[in-house]
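These notes are about the structure you will find just below.
Note on naming: letters A, B, ... go to the chains in the order of the sequence lines (proteins, then strands), and numbering restarts at 1 for each one.
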Amino acid sequence: MLTLQSLRDHRDDVLSALAKRHIDATAMVDGVLSKDAERRSAQTELDHVLSESNTLSRQIGGLMREGKKEEAEAIKNRTAGLKAKSAELKEAMDQAEAQMHALLVQLPNTPADAVASGKTPEDNVETYRNGEPSPAGGDAKPHWDLAKELDLIDFDLGAKVTGGGFPFYKGKGAKLQRGLIRFFLDRADDAGYTEYIPPLMINADSGFGTGQLPDKEGQMYHMPEDDLYMIPTAEVPLTNIFRDVVLSADQLPQKICGFTPCFRREAGSYGKDVRGLNRLHQFDKVEIVQVTHPDESYGTLDTMVEHVKGLLEGLELPYRILRLCGGDMGFTAAMTYDFEVWSAAQERWLEVSSVSNFETFQANRLKCRFKDADGKNKWVHTLNGSALALPRILAALMENHQDHQGIRIPAALVPFVGFDRIDA
RNA sequence: GGAGGUUUGGCAGAGUUGGUCGAUUGCACCGGUCUUGAAAACCGGCGUGCCGCAAGGUACCGGGGGUUCGAAUCCCUCAGCCUCCGCCA
């Protein structure tokens, strides 16, 4: 959530930044500001009334102790009006505050300066490319065919046992999955990230902290009995570690990572984009998260991008990096780099990672601050990235490293999976 | 799931016959005196949000609600933690 302070101090800058998302937030921002002004004036008045009634209460206390009951009673009568008045003002203040908050949570993050204006994925800016997308090879097979022929993944069985989008991985398919997880975790460990195994369900407060709630509850599986949500990404439990926390400056940066399954309802998805491993309700992912000093976050974003590059190069996959334009960026991000791997068999780019800086947007929701050199508590910056999500990587490995006999395992991965080929 | 206990500022830990308690004290931390330097000792400071140019005011003693002129202290409710019992991987 944007900080109230930023709206108060830099209203016009906020509006022009949000314009890069192609939304006109003028009405909402001005609504926030007017509700805020309303709240403040109610509070000022309320504080005066409370001050007066506190004074009277103290007088009554004094008189009671001295046994001057009648004088005390006389003062008591004067408090009734103050009480009614303060209740009224409190109500007005709370209401203005609630209305202000309701508007504020609807505003997406302001894109960073370097983020391009733009509406669609076509407006994203390619910042790096490694390897060239090969032309469609005539006999390159999509991973869903390979998965069946080599008996690595059983989609139908998943559909029977659970439903569409919940595949079974089996045999070498399962081992490949397990090896990839270890490969990603070991690389994160080497890069200094502390590994966590977090809970797979989160409460509503955590959902709010990272921005899934309100409004996006439809994307998460919800257990109404206990009012818990299945995590859509490890970002949620990992980042919420820092909810309601004040860090000391020397505790920054915090670098943590974790492997979890992720659960997404993906309501509204359809068509070829959801074929095979392209879009699942349950998938595995290793997530990296950093909490940094505000001055450091963009440097950190770059190091996280470099980390993911290293993973893809280890897997020998052709990829490109896009800096998302305002219109294509998620609600909570100030800047996002997407990694896409080329699949000749599907003749398209597959998004395999997303690395973002949220600046203070999540910190403000999480109430995560650090104590600065001047002794003041200030918002931290939070960042995260997939490093990496499994299914599309698996798809890309199968599709890019297929030959006529089967699938070749890249050298860097062999120690983790225990074999160097998958053949029929 | 049942019974009981408990929840106070970074930590420890007072305060529950309601009344100058936002809160004693110790530790930690910051500044100063002393010292060649450090330690010790001594002096001072030391929670957070909001309103206010400031002085200052106001709110917060797990969350929410209530009683009262007045609540950390009483009542209701929810949650966390601990102990015992039950059930169970």
What integer distance in Å separates [X]:[atom1] from [N]:[atom2]?
X: D47(A); N: A59(B); atom1: CG; atom2: P; value: 7 Å
X: L89(A); N: C51(B); atom1: CG; atom2: C1'; value: 13 Å
X: L56(A); N: U20(B); atom1: CG; atom2: C1'; value: 14 Å
X: L50(A); N: G70(B); atom1: CG; atom2: P; value: 11 Å
X: R58(A); N: C21(B); atom1: CZ; atom2: C1'; value: 11 Å
X: N54(A); N: A59(B); atom1: CG; atom2: C1'; value: 10 Å
X: L46(A); N: U58(B); atom1: CG; atom2: P; value: 11 Å
X: D227(A); N: A79(B); atom1: CG; atom2: P; value: 11 Å

On a whole-Å scale, what distance lies between the [atom1] atoms belonging to [N] and [M]?
N: G15(B); M: C53(B); atom1: C1'; answer: 39 Å
N: G18(B); M: A71(B); atom1: C1'; answer: 6 Å
N: U77(B); M: U25(B); atom1: C1'; answer: 34 Å
N: C75(B); M: U24(B); atom1: C1'; answer: 28 Å
N: G52(B); M: U67(B); atom1: C1'; answer: 33 Å
N: C88(B); M: A79(B); atom1: P; answer: 25 Å
N: G47(B); M: G66(B); atom1: C1'; answer: 28 Å
N: A12(B); M: U7(B); atom1: C1'; answer: 15 Å

Under a 3.5 Å cut-off for both distances, is [N] Watson-Crick or wobble paired, and to whom?
N: G9(B); value: none
N: G37(B); value: none
N: U24(B); value: none
N: C61(B); value: none
N: A14(B); value: none

Say whether [X] and [Y], considering side chains only, have a donor N or O and an acceptor N or O under 3.5 Å apart.
X: S297(A); Y: T300(A); value: no
X: S206(A); Y: R243(A); value: yes
X: Q219(A); Y: Q212(A); value: no
X: Q405(A); Y: D423(A); value: no

If you assign each of K83(A) and E52(A) to its closest nucleotide in RNA chain B, which residue comes earlier from the 5' end?
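So the residue in question is E52(A).
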Both D36(A) and H48(A) contact RNA chain B. Which one's nearest nucleotide lies toward the 5' end?
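It is D36(A), whose closest nucleotide lies nearer the 5' terminus.
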Ion pair present between R8(A) and D36(A), side-chain N to carboxylate O less than 4.0 angstrom?
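Salt bridge between R8(A) and D36(A), a charged N being under 4.0 Å from a carboxylate O: yes.
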Taking K35(A) first and then E97(A), would you say they form a salt bridge - that is, a charged N and a carboxylate O separated by under 4.0 Å?
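No, K35(A) and E97(A) are not salt-bridged.
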Pair F358(A) and H381(A), ring centroids less than 6.0 Å apart
no
Give T79(A) one of three labels, base, sugar-phosphate or nothing, depending on what nucleic acid heavy atoms sit under 4.0 Å from its own.
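Result for T79(A) = sugar-phosphate.
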For R39(A), which contact category applies under a 4.0 Å heavy-atom criterion: base, sugar-phosphate, or nothing?
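Answer is sugar-phosphate: R39(A) comes under 4.0 Å of backbone atoms only.
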With respect to the side chain of [X], which nucleotide from [options] is positioned closest?
X: T44(A); options: C51(B), C69(B), U58(B); result: C51(B)
X: S57(A); options: A59(B), G70(B), G52(B); result: G70(B)
X: R40(A); options: G57(B), C69(B), C51(B); result: C51(B)

Give a yes/no answer on whether the side chain of R8(A) brings an N or O atom under 4.0 Å of OP1 or OP2 in C51(B).
yes
Has N77(A) got a side-chain N or O lying under 4.0 Å from the OP1 or OP2 atom of C69(B)?
no
Parallel, tilted or perpendicular for F361(A) and F331(A), by the 30°/60° rule?
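If you compare the ring of F361(A) with that of F331(A), the planes turn out perpendicular.
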Parallel, tilted or perpendicular, as decided by the 30° and 60° cut-offs, for the rings of Y193(A) and H307(A):
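Tilted, since the angle between the ring planes falls between 30° and 60°.
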Under 3.5 Å, which protein N or O atoms sit close to an N or O of nucleotides 46-49 of chain B? Give each pair with its distance.
residue	atom	partner	partner atom	Å
U48(B)	OP1	K371(A)	NZ	3.2
U48(B)	O3'	R369(A)	NH1	3.4
G49(B)	OP1	R369(A)	NH1	3.2

